[in-house]
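Taking it in order: structure first as structure tokens, then the write-up.
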Amino acid sequence: MNYFSRFAFAAFAALFAAGAAGAQNAAPPAGLSIELNEIAPSEKGCKLTFVAGNALTRSLSKVSFEFVLFDKKGLVERMAVLDFRDLPAGKTKVRQFDLAGTKCDAVQSLLSNDAPACIGEGVDKGACMTGLKTGSKSDVELKG
């Protein structure tokens with residue numbers, strides 16, 4: 001390898017290493033996360049337990065999500081707006097909702113369809129759905 005080839009190779013290696021280090025240090029995108037943690041029968045119908053996290057830089061004084069529940073055939077069983085109340089910045093909260101008249105074993109999946117309320121000082125209304133991360137630890141899938 002001549003001098004120029006060695007110099008070019010060293011420069012390329014240094015740029016590659018700097019890019020890889022920058023990718024590792026990149027902060028995860030800010031947004032909300034909702035996990036369906038548990039779905040269980042209740043006296044009224046079906047109780048949904050969610051774990052919600054706020055990775056935004058600002059607190060939310062009120063946030064609600066419109067969920068669509070799909071049955072085993074993929075048909076809409078019902079739609080419901082669930083009020084998650086406040087979500088402070090950088091915090092995670094557990095919220096439970098009892099859906100009267102809904103049978104848990106009939107629910108195949110949930111879709112987070114919209115965020116009718118996304119209120120916080122300096123928070124854009126669309127911030128609650130932008131970059132929303134969803135997941136489920138139950139047999140019922142939660143899609144965003």
Side-chain angles (χ1 to χ4, degrees), residues 5-144:
S5 297
R6 280 185 272 165
F7 176 78
F9 177 77
F12 174 78
L15 286 172
F16 179 78
Q24 289 174 347
N25 294 334
L32 300 183
S33 62
I34 304 173
E35 172 194 273
L36 178 60
N37 189 267
E38 184 180 24
I39 181 169
S42 68
E43 289 181 19
K44 296 179 183 179
C46 184
K47 185 183 291 184
L48 305 175
T49 302
F50 293 93
V51 177
N54 181 356
L56 297 171
T57 58
R58 300 197 180 251
S59 293
L60 298 169
S61 58
K62 179 174 178 60
V63 61
S64 64
F65 291 97
E66 177 185 70
F67 288 98
V68 181
L69 283 72
F70 293 93
D71 67 13
K72 301 289 184 188
K73 295 178 185 174
L75 301 173
V76 173
E77 195 272 334
R78 77 184 288 179
M79 295 174 74
V81 175
L82 305 179
D83 183 1
F84 280 69
R85 301 188 312 258
D86 66 313
L87 282 176
K91 298 291 183 182
T92 301
K93 290 201 170 191
V94 175
R95 299 287 190 227
Q96 290 186 320
F97 303 94
D98 210 344
L99 300 180
T102 298
K103 296 184 187 258
C104 291
D105 58 357
V107 179
Q108 174 70 38
S109 65
L110 277 78
L111 170 68
S112 176
N113 201 43
D114 193 15
C118 183
I119 302 167
E121 188 175 326
V123 176
D124 180 71
K125 182 187 181 332
C128 291
M129 290 299 289
T130 302
L132 177 66
K133 294 178 243 15
T134 60
S136 179
K137 287 197 174 171
S138 76
D139 292 336
V140 174
E141 181 182 17
L142 174 59
K143 300 179 254 185

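Everything quoted here is computed from the prediction, not taken from an experiment.
Evaluation of the salt bridge (charged side-chain N to carboxylate O under 4.0 Å, His left out) test over residues 59-79, restricted to residues two or more places apart or in two chains, returns Lys62-Asp83. Residue pairs meeting the disulfide bond (SG atoms under 2.5 Å apart) criterion with at least one partner in residues 44-93, sequence neighbours excluded, are Cys46-Cys104. Every pair tested for disulfide bond (SG atoms under 2.5 Å apart) that includes a residue from residues 55-94 fails, sequence neighbours excluded, so the list is empty. Pairs of residues two or more places apart, or lying in two chains, never qualify as salt bridge (charged side-chain N to carboxylate O under 4.0 Å, His left out) while including a residue from residues 39-60.
Residues passing the salt bridge (charged side-chain N to carboxylate O under 4.0 Å, His left out) test with Asp98, sequence neighbours excluded: none. Applying the side chain to side chain contact (heavy atoms under 4.5 Å, CB included) test to Thr57 and every residue at least two apart in sequence or in another chain returns nothing. Checked against side chain to side chain contact (heavy atoms under 4.5 Å, CB included), Ser136 has the following partners two or more places apart in sequence or in another chain: Leu36, Ser138, Leu142. Applying the side-chain hydrogen bond (donor to acceptor under 3.5 Å, both in side chains) rule to Thr49 yields the partners Gln96; only residues at least two apart in sequence or on another chain are considered. For the ring pair (Phe, Tyr, Trp, His ring centres under 6.0 Å) test, no residue two or more places apart in sequence or in another chain qualifies with Phe70. Remark: Lys103 engages Asp105, Ala106 in a side chain to side chain contact (heavy atoms under 4.5 Å, CB included) (not counting sequence neighbours). Looking at residues two or more places apart in sequence or on another chain, you find no side-chain hydrogen bond (donor to acceptor under 3.5 Å, both in side chains) involving Lys125. Every residue two or more places apart in sequence or in another chain that forms a side chain to side chain contact (heavy atoms under 4.5 Å, CB included) with Ser61 is listed here: Ile119.
Closest heavy-atom contact between Cys118 and Leu60: SG-CD2, 4.2 Å. The nearest pair of heavy atoms linking Pro116 to Val81 is CG-CG1, 4.1 Å.
Rounding to the nearest 0.5 Å places CD of Gln108 at 9.5 Å from CG of Asp139. Atom CG of Leu69 sits about 6.5 Å away from atom CG of Leu48, to the nearest 0.5 Å. Annotation: the span from Lys143 atom NZ to Leu132 atom CG amounts to 14.0 Å, rounded to 0.5 Å. Rounded to the nearest 0.5 Å, atoms SG (Cys128) and CG (Asn54) are 8.0 Å apart. Rounded to the nearest 0.5 Å, atoms CD (Glu38) and NZ (Lys137) are 12.0 Å apart.
Atom NZ of Lys93 is surrounded by more than 12 heavy atoms from other residues, nucleotides or ligands within 6.0 Å.
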- request: Evaluate the side-chain contact (heavy atoms from CB on, under 4.5 Å) criterion for residues Asp86 and Ser59: first the C-alpha distance (whole Å), next the side-chain angles of each, then the deciding distance (0.1 Å), finally the verdict.
  value: CA-CA 8 Å; Asp86 66 313; Ser59 293; over 6 Å; no

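Side-chain contact between Leu82 and Leu99: present, with at least one pair of heavy atoms (C-beta onward) separated by less than 4.5 Å.
Phe65 and Phe84 have perpendicular rings, their planes meeting at more than 60° on a 0 to 90° scale where under 30° would count as parallel.
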